[in-house]
Amino acid sequence: MTKRIIGRLSCVAAATIVVSAVAIPANAEAAPGIVSKNVYRNGHYFGTVEWSADPNGSNPGDALRVCDYNADGAGLSAQLNQADKHSVDTFGHGSPYCSGWGTGNLPEGASVIASVFTGNSEISIWSGDFTFTA
């Protein structure tokens with residue numbers, strides 16, 4: 001009996017799990033004027049949600065986008081919970097990929113919430129809400 005259990009444990013211990021290495025950036029400004037926040041679900045890193053409050057170079061103001069940096073078959077989508085709903089996604093694109101900017105005109109200094117989802121164009125699972133300032 002003891003040998004059988006040890007034998008099974010040895011087989012399990014010998015199994016190798018291969019995990020692709022993904023560099024996970026810190027929550028910080030991705031570029032001047034852009035705030036980037038990491039998106040996780042159940043401890044799994046999916047990518048980032050980014051906010052550009054004011055126009056800066058080629059980045060528009062009051063703009064939202066998502067970036068998928070993990071080649072795991074899932075994409076990201078985000079939508080602002082405001083009357084002016086910006087909606088963006090990475091569905092149907094290989095990783096790494098950043099969506100285009102979803103833009104609008106929001107009152108200066110307004111607090112905005114972006115709901116982020118992971119999945120694909122058919123099934124999306126809520127992954128969190130992120131707060132930004134317009």
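All residue numbers refer to positions in the sequence shown, counting from 1. Scope of the values below: all heavy atoms of this structure, side chains included, with no hydrogens, waters or symmetry mates.
Annotation: the span from F130 atom CZ to E50 atom CD amounts to 12.0 Å, rounded to 0.5 Å. Between atom CD of residue Q79 and atom OG of residue S87 there is a gap of 5.0 Å, rounded to the nearest 0.5 Å. The distance from atom CD1 of I125 to atom CG of N42, rounded to the nearest 0.5 Å, is 8.0 Å. Interatomic distance, R65 CZ to D89 CG, rounded to the nearest 0.5 Å: 14.0 Å. Expressed to the nearest 0.5 Å, how far OH of Y45 lies from CG of D68 amounts to 8.5 Å. Here the straight-line distance linking atom NE2 of H44 with atom OG1 of T118 works out to 8.0 Å at 0.5 Å rounding.
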Determine whether F132 and V49 satisfy the following criterion, side-chain contact (heavy atoms from CB on, under 4.5 Å), listing intermediate values before the conclusion.
CA-CA 10 Å; F132 301 101; V49 57; 4.1 Å; yes
Quick one: do V66 and T48 satisfy side-chain contact (heavy atoms from CB on, under 4.5 Å)? Show the steps, please.
CA-CA 6 Å; V66 287; T48 60; over 6 Å; no
Full working for side-chain contact (heavy atoms from CB on, under 4.5 Å) between L106 and L80:
CA-CA 11 Å; L106 301 171; L80 287 186; 4.0 Å; yes
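Across all non-hydrogen atoms, the minimal contact from L64 to V88 is O-CG1, 3.5 Å. For the pair T103 and A63, the tightest heavy-atom approach, listed with the atom from each and the gap, is CG2-CB, 3.6 Å. The two residues C67 and L76 have their closest heavy-atom pair at O-CD1, 3.2 Å. Heavy-atom minimum distance, A53 versus A134: CB-C, 4.0 Å.
Under the side chain to side chain contact (heavy atoms under 4.5 Å, CB included) criterion, A74 pairs with F46, D72, sequence neighbours left out.
Checking side-chain atoms of S52 against main-chain N and O of P60 turns up a donor-acceptor pair under 3.5 Å. Using modelled atom types, no side-chain atom of S124 and backbone atom of G119 make a donor-acceptor pair closer than 3.5 Å. Remark: the backbone N or O of I123 is paired with a side-chain donor or acceptor of N120 at under 3.5 angstrom.
For the pair Y69/C98, a side-chain contact is recorded, criterion being any heavy-atom separation below 4.5 Å from C-beta on. F91 is listed as a side-chain neighbour of S77, based on a closest heavy-atom distance under 4.5 Å. Two residues are said to be in side-chain contact when any heavy atoms from C-beta on lie closer than 4.5 Å; K37 and V39 fail this criterion.
Between W51 and H86, the angle of the ring planes lies from 30° to 60°, which puts this pair in the tilted group.
Under the 3.5 Å distance criterion, with hydrogens and angles disregarded, a donor-acceptor pair is assigned to the side chains of S115 and D129. For the residue pair T90/S99, the side-chain donor-acceptor check at 3.5 Å is not satisfied.
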